[in-house]
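Below, chain A is the first sequence line, B the second, and so on; all start at residue 1.
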Amino acid sequence: MTPRIAELLKSGQPDQLVTLRGWVRTKREQKTFSFLEVNDGSCLAGMQAVVSADLPDYETLIKRISTGASVTVEGKLVPSQGKGQRVEVQATGLILHGEADPETYPLQKKRHSFEYLREIGHLRSRTNTLSAVFRVRNACATAIHQFFQEQGFLWMHTPIITASDCEGAGEMFAVTQMDLNNPPKVDGKIDYSKDFFGKPAYLTVSGQMEAEVMAMAFSNVYTFGPTFRAENSNTSRHLAEFWMVEPEMAFCDLQGDMDLAESFLKYVFRYVMDHCSEDMAFFQERIDKSVIATAENIINNEFARVTYTEAIALLEKADRKFEYPVSWGLDLQSEHERYLAEVLFQKPVIVTHYPTEIKAFYMRLDEGGKTVSAMDILAPNIGEIIGGSQREERLDVLLDRIKASGLDPEAYWWYTDLRRYGTVPHAGFGLGFERLVQFMTGMTNIRDVIPFPRSPLNVEF
RNA sequence: UCCUCAGUAGCUCAGCGGUAGAGCGGUCGACUGUUAAUCGACUGGUCGCAAGUUCGAAUCUUGCCUGGGGAGCCA
């Protein structure tokens with residue numbers, strides 16, 4: 001494979017013979033030659049190619065080349081006479097693969113709004129910002145795997161189709177083979193025994209329970225896969241299909257859970273800063289003047305840690321009016337979380353030990369029973385980026401909690417079996433992958449950090 | 001789903017009762033080792049959809065659709 005543009009820009013040597021394959025960002029015609037800026041997605045910058053009019057078919061070829069056209073340029077690397085680039089390619093051969101009619105090609109050589117780019121989801125990755133986002137997204141994913149693999153975690157693939165409503169909450173997408181116009185019925189109700197799985201099935205809302213199963217065999221595991229929520233959420237930080245990272249550790253308590261989450265985030269930020277410095281500089285310059293400082297803040301400082309009870313006390317004595325009431329027992333609202341992370345601490349805050357009533361049944365009941373060993377990591381500008389807990393490993397307590405939540409213990413028979421056979425204290429957390437990428441890049445809308453966003457009424461691309 | 005703002009040229013927007021504008025883009029030309037090149041000319045529209053008010057509606061009213069921001073739900 002010939003070196004890609006990122007490699008050539010970094011370490012290409014004069015007189016080196018090279019082949020560029022990519023898409024033309026801009027063409028500048030001169031009297032006896034033309035400049036082509038070719039981008040192949042390997043980095044933000046393109047490679048400037050100088051195409052002489054001496055080339056065969058120059059006239060007809062150059063006329064048909066415009067922004068968006070796909071080309072192969074063969075030639076020799078030479079020091080650039082102009083400013084702005086160290087080297088450029090003196091073309092000896094030029095192939096036009098596909099034209100891009102400038103009258104209709106939706107991408108112009110100018111700034112486009114993200115709203116507009118969402119309408120051309122099949123082309124937007126060819127823009128500077130979106131390509132930088134997706135390179136950073138790739139680096140985040142790589143860093144996540146590398147972090148866990150280095151720590152001895154096994155990557156486990158949890159099912160996408162599931163019969164269990166993991167948390168007893170959250171709208172799920174149904175998976176069915178039944179004819180929706182004429183479903184089989186018994187006594188007027190839909191007869192799921194006739195459906196593909198013989199019972200109702202859904203797209204997963206979390207791989208946590210399966211991760212717990214695997215942690216009880218491999219000690220430390222993580223999942224990294226797609227997750228689906230059928231909630232009618234129309235916000236800049238919700239998707240109907242998003243990716244989630246869920247580590248689960250046997251023989252681990254809440255303290256270990258928090259420590260892992262913090263070193264995990266630090267590792268991922270460090271990795272992206274090291275491997276995507278050019279893209280990060282771009283975000284700093286064009287998207288959010290604080291992304292580099294934020295990254296360094298994450299990497300170099302300890303996260304703040306407070307209990308829910310302490311957080312409530314801090315909010316109560318805040319010299320600011322909140323729209324929603326602050327009172328022990330009530331869940332923290334967005335405005336409260338933002339105040340804690342953005343105003344008070346100005347860095348990620350881990351809030352722990354939430355009231356039992358407002359958290360899921362599987363979270364470990366604390367001494368006294370008023371709180372559970374839960375933790376949320378609240379990030380500036382994003383809100384909740386990680387939610388985790390120590391899991392309830394005591395069978396009797398877990399069964400009580402399931403019943404108290406109005407759920408049927410029978411439906412959780414294999415989950416509770418984990419507490420019958422060789423139970424151990426364990427803990428884990430869930431990280432919203434897109435929120436991490438948002439946090440990293442400063443992109444304000446989550447639909448712009450996933451290549452093909454799914455949200456209510458949005459499934460075109 | 002709720003609150004709020006907005007939909008006018010390919011894009012970003014101005015116009016807010018008298019019948020359509022700018023910048024950018026695109027096309028053509030000039031000029032030039034250029035860098036979102038520059039300069040000149042040209043090109044461009046069911047004013048989101050439907051009904052209503054009015055002599056007359058892009059402009060006022062109502063409904064609907066779509067998008068942004070905020071909220072809820074959460075990751």
Once you apply the 3.5 Å cut-off to both distances, tell me the Watson-Crick or G-U wobble partner of [N], or none.
{"N": "B:G63", "value": "B:C49"}
{"N": "B:C2", "value": "B:G70"}
{"N": "B:G29", "value": "B:C39"}
{"N": "B:G44", "value": "none"}
{"N": "B:U34", "value": "none"}
{"N": "B:C55", "value": "B:G18"}
{"N": "B:A9", "value": "none"}

Could you give the [atom1]-to-[atom2] distance, from [X] to [N], as a whole number of Å?
{"X": "A:Arg124", "N": "B:C11", "atom1": "CZ", "atom2": "C1'", "answer": "17 Å"}
{"X": "A:Phe33", "N": "B:A37", "atom1": "CZ", "atom2": "C1'", "answer": "12 Å"}
{"X": "A:Arg447", "N": "B:U66", "atom1": "CZ", "atom2": "P", "answer": "12 Å"}
{"X": "A:Met363", "N": "B:C74", "atom1": "CE", "atom2": "P", "answer": "10 Å"}
{"X": "A:Glu37", "N": "B:A36", "atom1": "CD", "atom2": "C1'", "answer": "10 Å"}

Is there a side-chain contact between [X] and the phosphate of [N], meaning an N or O under 4.0 Å from OP1 or OP2?
{"X": "A:Gln108", "N": "B:A36", "value": "no"}
{"X": "A:Lys109", "N": "B:A37", "value": "yes"}
{"X": "A:Ser236", "N": "B:G70", "value": "yes"}
{"X": "A:Lys110", "N": "B:A36", "value": "no"}
{"X": "A:Arg111", "N": "B:G25", "value": "no"}
{"X": "A:Ser334", "N": "B:G72", "value": "yes"}
{"X": "A:Asn234", "N": "B:G67", "value": "no"}
{"X": "A:Ser233", "N": "B:C73", "value": "no"}
{"X": "A:Arg28", "N": "B:A37", "value": "yes"}

Using a strict threshold of under 4.0 Å (side-chain N to carboxylate O), is an ion pair present between [Y] and [X]?
{"X": "A:Arg64", "Y": "A:Asp57", "result": "no"}
{"X": "A:Arg364", "Y": "A:Asp253", "result": "no"}
{"X": "A:Arg21", "Y": "A:Asp40", "result": "no"}

Could you tell me how far [M] sits from [N] if I compare only their [atom1] atoms? Round to whole Å.
{"N": "B:A58", "M": "B:A14", "atom1": "C1'", "result": "12 Å"}
{"N": "B:C3", "M": "B:C64", "atom1": "P", "result": "11 Å"}
{"N": "B:A57", "M": "B:G10", "atom1": "P", "result": "24 Å"}
{"N": "B:C60", "M": "B:C2", "atom1": "P", "result": "24 Å"}
{"N": "B:U61", "M": "B:G40", "atom1": "C1'", "result": "47 Å"}
{"N": "B:A37", "M": "B:C31", "atom1": "C1'", "result": "11 Å"}

Could you check whether [X] gets within reach of a base, just the sugar-phosphate, or nothing at all, counting any heavy atom under 4.0 Å?
{"X": "A:Thr26", "answer": "sugar-phosphate"}
{"X": "A:Glu241", "answer": "nothing"}
{"X": "A:Gln333", "answer": "sugar-phosphate"}
{"X": "A:Glu103", "answer": "sugar-phosphate"}
{"X": "A:His238", "answer": "base"}
{"X": "A:Leu436", "answer": "nothing"}
{"X": "A:Gln48", "answer": "base"}
{"X": "A:Gln30", "answer": "base"}
{"X": "A:Thr104", "answer": "nothing"}
{"X": "A:Glu115", "answer": "sugar-phosphate"}

Among [options], the nucleotide that comes nearest once only the side chain of [X] is considered:
{"X": "A:Gln90", "options": "B:G33, B:A71, B:G72", "result": "B:G33"}
{"X": "A:Gln85", "options": "B:U35, B:A75, B:G72", "result": "B:U35"}
{"X": "A:Arg237", "options": "B:G72, B:G68, B:G33", "result": "B:G72"}
{"X": "A:Ser80", "options": "B:G68, B:G33, B:A75", "result": "B:G33"}
{"X": "A:Tyr116", "options": "B:C73, B:A75, B:G10", "result": "B:G10"}
{"X": "A:Thr235", "options": "B:A71, B:U35, B:G67", "result": "B:A71"}
{"X": "A:Pro102", "options": "B:A71, B:C11, B:G26", "result": "B:G26"}

Any luck finding a side-chain donor-acceptor pair between [X] and [Y] under 3.5 Å?
{"X": "A:Gln149", "Y": "A:Tyr222", "answer": "yes"}
{"X": "A:Tyr362", "Y": "A:Glu212", "answer": "no"}
{"X": "A:Tyr58", "Y": "A:Ser34", "answer": "yes"}

(message) By nearest heavy atom, map A:Ser113 and A:Glu335 onto RNA chain B; which one lands nearer the 5' end?
(response)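 Between the two, 5'-proximity favours A:Ser113.
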(request) Could you pick out which residue, A:Asn445 or A:Gly387, lies toward the 5' side of RNA chain B when each is mapped onto its nearest nucleotide? (result)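 With A:Asn445 and A:Gly387 compared, the 5'-side residue is A:Asn445.
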(message) Consider side-chain contact (heavy atoms from CB on, under 4.5 Å). Of A:Val136, A:Thr129, A:Val291, which one does A:Met443 pass it with?
(response)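 When A:Val136, A:Thr129, A:Val291 are each tested with A:Met443, the side-chain contact (heavy atoms from CB on, under 4.5 Å) holds only for A:Thr129.
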(message) Run the ring pair (Phe, Tyr, Trp, His ring centres under 6.0 Å) test on A:Phe322 and A:His336 for me, step by step, so that the C-alpha distance in whole Å, both residues' side-chain angles and the decisive distance to 0.1 Å come before the verdict.
(response) CA-CA 8 Å; A:Phe322 294 111; A:His336 307 142; 4.9 Å; yes
(request) Compute the ring centroids of A:Phe452 and A:Phe461, then answer whether they are less than 6.0 Å apart. (result)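 Distance test on ring centres: not under 6.0 Å, no.
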